[in-house]
Amino acid sequence: MLTLKKLRVTMPESQNDTGKKNRTYMSKELTTRAENYSEWYNELVVKGQLADHSAVRGCMVIKPYGYALWENMRDQLDKMFKETGHVNAYFPLFVPKSLFEAEEKNAEGFAKECAIVTHYRLKTDSENKGKLIVDPEAKLEEELIIRPTSEAIIWNTYKGWIQSYRDLPLLINQWANVVRWEMRTRLFLRTAEFLWQEGHTAHATKEEAIIETKKMLDVYAAFVEEWMAVPVIKGVKTANERFAGAEDTYCIEALMQDGKALQAGTSHFLGQNFAKAFDVKFSDKENKLDYVWATSWGVSTRLIGALIMAHSDDQGLVLPPRIAPLQVVLVPIYKGEESKPVIDAKANEIVAALKSLGIRVKYDDSDNARPGWKFAEYELKGVPVRIALGMRDLENNVVEIARRDTKEKKSISLDGIAAYIEKLLEEIQQNIFSKAKAFQQDNTREANSWDEFVTLLDEKAGFVSAHWDGTSETEEKIKQETKATIRCIPLNNALEPGKCILTGKPSSQRVLFARAY
RNA sequence: CGGGAUGUAGCGUAGCCCGGUUAUCGCGCCUGGUUUGGGACCAGGAGGUCGCAAGUUCGAAUCUUGCCAUCCCGACCA
């Protein structure tokens, strides 16, 4: 913290003379993680072409490269949802206020961050030519809330869809945007509008709903670990951190390179809260009426933030091959005009072979940048594998393969090159995950006293596993003192008697603390 | 939403304190040429409502006020 402040203070002084040249040169480079982690992140998002700020406060423009990443994530998740029996539907962006407030706890939880539509028409301003004003005549009878989440509108709809146990379970997901009026925003991590999916299911029994909640948590964990290569801890939230309106909130927690935790996905067991609020009943086999049991679960574009902060380095993004928009880039190296067609021919051959294996590959033979520039550019954008092909390689029947994750370069025989790269992509995927997993393990530590707890948080960051007496008051006090929150009570946690880190009261298990995004 | 800072061409910036010809420089961009194995070079060229809006003034990038956006620090939150 101190060093960061010093850096910021000294920067303006170093802007003169020699500093200027450096800065110009540095503009192509990135702030390093050690220099300023959050600036590094911001630059990476923008320079890596993932997203930009927009003219609207707190809202971002997701650029084609970033959107391609989201599409890959979305497509895989969607497939996994469908494999587990879910179907997609779409519900409105607007929620009438009366519906929104039906489930009290949920409404209260979101009340402070809602955007509200109050009018439906503009008119020209008679006093100000060319300007528009809100037409006071066009006030809505009932305000519309722009959904911060869709439970209200969906459960209001489900009421009409569910009569009998034969209508259950109802397993629906929607891909949508939501709006939460955030005070402080950051690209991907917390924006006023974001993209996500929200699953909303209805079940005949409590047990079945709980199974669904945990199943979807497993789906999230599998996706995030196997596709995004980000290791996660599965757990349950404490009452303080629970979703408003839920009985239980399950989560996957990831650890970023600066030692801060990030909630990467949540799955809620909603009990009968929404069924009661919206009067959704069904007849069971004995023709007895009961309220249905509900779940909801979601992941958002925030996952992209997690991805960036888990893997990327001081040269730029590091994207796991399975979701990278571009898995391989081929850069030709020409020497003289006559070599171009020769290199092109071989390059096209390689590209065709890779495409036939389903590999996302680009041949970048554009003439407006030289090879060195392209190398740096694709490193910044996190393309997992780069192939360089020049006459020298052709003569030796090889290509130069560079891995983004290890920066290792090797000459590899052109014979069987496509199969080699297919295998290499898989190896990179595994390596990125292993590296992140090792980081997570190295940065999860036990604290057995208050002093040790505070020292670990301040000097090492990461997850701190410690005993807690189970009360909200203690959790709140710890948060006040250290800014650390209980990220979760890990599932399958080993029971281990101990004493609360703060109060010394008896505790039956350790929970995971961290400072979080 | 409170405190602090910032906003000049696509990017990074000089000029602002102390108002005064045609707003500085580098990168990038366009044209032509030479090049191409880790961010090439030469020559020529284009590009600006100085964040937006009012005000003060003979005159505003520069002074005043309001607004918008971004960053940092708090409170809030996925």
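These numbers come from a predicted model, not from an experiment. These numbers come from the heavy atoms of this one structure, side chains and all, not from hydrogens, waters or symmetry mates. So that the names make sense, note that chain A is the first sequence line, chain B the second, and so on, each numbered from 1.
If you measure from atom CD of A/Gln49 to atom C1' of B/rC11, you get 12 Å, rounded to the nearest angstrom. The interatomic distance linking A/Arg392 (CZ) with B/rG37 (C1') rounds to 5 Å, in whole Å. When the C1' atom of B/rC73 is taken as reference, atom CZ of A/Arg186 falls 13 Å away, rounded to whole Å. Atom NZ in A/Lys479 sits about 13 Å away from atom P in B/rG74, given to the nearest Å. Remark: P of B/rU36 and CG of A/Leu389 are 16 Å apart, rounded to the nearest angstrom. Computed from coordinates, the A/Lys260 NZ to B/rC77 P distance equals 15 Å when rounded to whole Å. Spacing between atom CZ of A/Arg184 and atom C1' of B/rC73 amounts to 6 Å, rounded to whole angstrom units. The interatomic distance linking A/Trp373 (CH2) with B/rC41 (P) rounds to 15 Å, in whole Å.
Residue A/Thr301 is classed as having no contact, given no heavy-atom separation below 4.0 Å to the nucleic acid. Among the protein residues, A/Leu189 comes within range of the nucleic acid bases, having at least one heavy atom under 4.0 Å from a base atom. Contact annotation for A/Arg370: base contact, defined as any heavy-atom pair under 4.0 Å involving a base atom. No engagement by A/Thr266 is indicated, since no non-hydrogen atom pair under 4.0 Å with the nucleic acid exists. Across all strands shown, A/Phe243 has no heavy atoms under 4.0 Å from either base or sugar-phosphate atoms. Within the nucleic acid shown, A/Gly305 has no heavy atom closer than 4.0 Å to any nucleic acid atom. Residue contacts shown for A/Glu182 include a base, since a base heavy atom lies under 4.0 Å away. Backbone-only engagement by A/Ala55 is indicated by non-hydrogen atom pairs under 4.0 Å involving sugar-phosphate atoms exclusively.
Heavy-atom contacts from other residues, nucleotides or ligands closer than 6.0 Å to CD of A/Glu71 number more than 12.
Closest to the side chain of A/Tyr334, out of B/rU36, B/rG37, B/rG74, is B/rU36. Among B/rC76, B/rG37, B/rC77, the nucleotide with an atom closest to any side-chain atom of A/Ala388 is B/rG37. Of the candidates B/rG74, B/rU36, B/rG39, the closest approach to any side-chain atom of A/Lys335 belongs to B/rU36. Taking the side chain of A/Ala376 as heavy atoms from C-beta on, and the options B/rU35, B/rC71, B/rG38, the nearest nucleotide is B/rG38. Looking at the side chain of A/His53, the nearest of the listed nucleotides B/rU70, B/rU36, B/rC73 is B/rU70. Comparing B/rA69, B/rC77, B/rU36 by their closest approach to the side chain of A/Arg190 singles out B/rC77. If you check B/rA69, B/rG38, B/rG37 against the side chain of A/Glu379, the one that comes closest is B/rG38. Distances were taken from every side-chain heavy atom of A/Asp367 (C-beta onward) to each of B/rU70, B/rU35, B/rG38; the shortest belongs to B/rU35.
Of the side-chain N and O atoms in A/Lys47, none sit less than 4.0 angstrom from OP1 or OP2 of B/rC11. Residue A/Ser54 places none of its side-chain N or O atoms closer than 4.0 Å to OP1 or OP2 of B/rA69. Put simply, A/Arg180 has no side-chain N or O that comes within less than 4.0 Å of OP1 or OP2 on B/rC77.
With salt bridges taken as basic N to acidic carboxylate O contacts below 4.0 Å, one links A/Glu349 and A/Lys346. Between A/Asp218 and A/Lys234, at least one side-chain nitrogen of the basic residue sits less than 4.0 Å from a carboxylate oxygen of the acidic one, meeting the salt-bridge criterion. Remark: A/Arg404 engages A/Asp313 in a salt bridge, criterion side-chain N to carboxylate O under 4.0 Å.
Within residues 399-414 of chain A, the residues that place at least one heavy atom under 4.0 Å from RNA chain B are, in residue-number order, A/Glu400, A/Lys409.
The P atoms of B/rA40 and B/rA69 are separated by 39 Å, rounded to the nearest whole Å. For the P atoms, the distance linking B/rG4 with B/rG19 amounts to 26 Å, nearest Å. Comparing the P positions of B/rC52 and B/rU36 gives a spacing of 45 Å, expressed to the nearest Å. Annotation: B/rU6 and B/rU64 have their P atoms spaced 13 Å apart (nearest Å). With both ends at atom C1', the span from B/rC68 to B/rG51 equals 7 Å, rounded to whole Å. Taking the C1' atoms as reference points, B/rC71 lies 34 Å from B/rU57, given to the whole Å. Between B/rG7 and B/rG15, the distance separating the two C1' atoms is 15 Å to the nearest Å. Between the C1' atoms of B/rU13 and B/rG48, the separation comes to 14 Å (whole Å).
With hydrogens and angles disregarded, no donor-acceptor distance shorter than 3.5 Å links the side chain of A/Tyr334 to the backbone of A/Ile343. In terms of modelled atom types and a separation under 3.5 Å, the side chain of A/Gln197 and the main chain of A/Gln174 share no donor-acceptor contact. Judged purely by atom type and a 3.5 angstrom limit, A/Thr32 uses its side chain to pair as donor or acceptor with the backbone of A/Glu35. Side chain of A/Glu151 to main chain of A/His200: no donor-acceptor pair is present (N/O by atom type, distance under 3.5 Å, no hydrogens or angles). Looking only at distances, a side-chain donor or acceptor of A/Asn273 sits under 3.5 Å from a matching main-chain atom of A/Gly245.
In RNA chain B, runs of at least 3 stacked Watson-Crick or G-U pairs (N1-N3 plus N6-O4 or O6-N4, or N1-O2 plus O6-N3, all under 3.5 Å) give these stems: B:1-7 with B:68-74, B:10-12 with B:25-27, B:29-34 with B:40-45, B:51-55 with B:63-67.
Comparing A/Val56 and A/Met391 along RNA chain B, the residue whose closest nucleotide (by nearest heavy atom) sits nearer the 5' end is A/Met391. Between A/Pro371 and A/Ser300, the residue anchored closer to the 5' end of RNA chain B is A/Pro371, taking for each the nucleotide with the nearest heavy atom.
In this structure, the ring of A/Trp297 has its center no less than 6.0 angstrom from the ring center of A/Phe269.
When only modelled atom types and interatomic distance are considered, A/Glu43 and A/Thr31 share a side-chain donor-acceptor pair under 3.5 Å. There is a side-chain donor-acceptor pair under 3.5 Å between A/Asn240 and A/Ser472.
When side chains are defined from C-beta on, A/Glu253 does not count as touching A/Val232, because their heavy atoms never get closer than 4.5 Å.
A donor N or O paired with an acceptor N or O is found under 3.5 Å between the base of B/rG38 and the side-chain atoms of A/Arg386.
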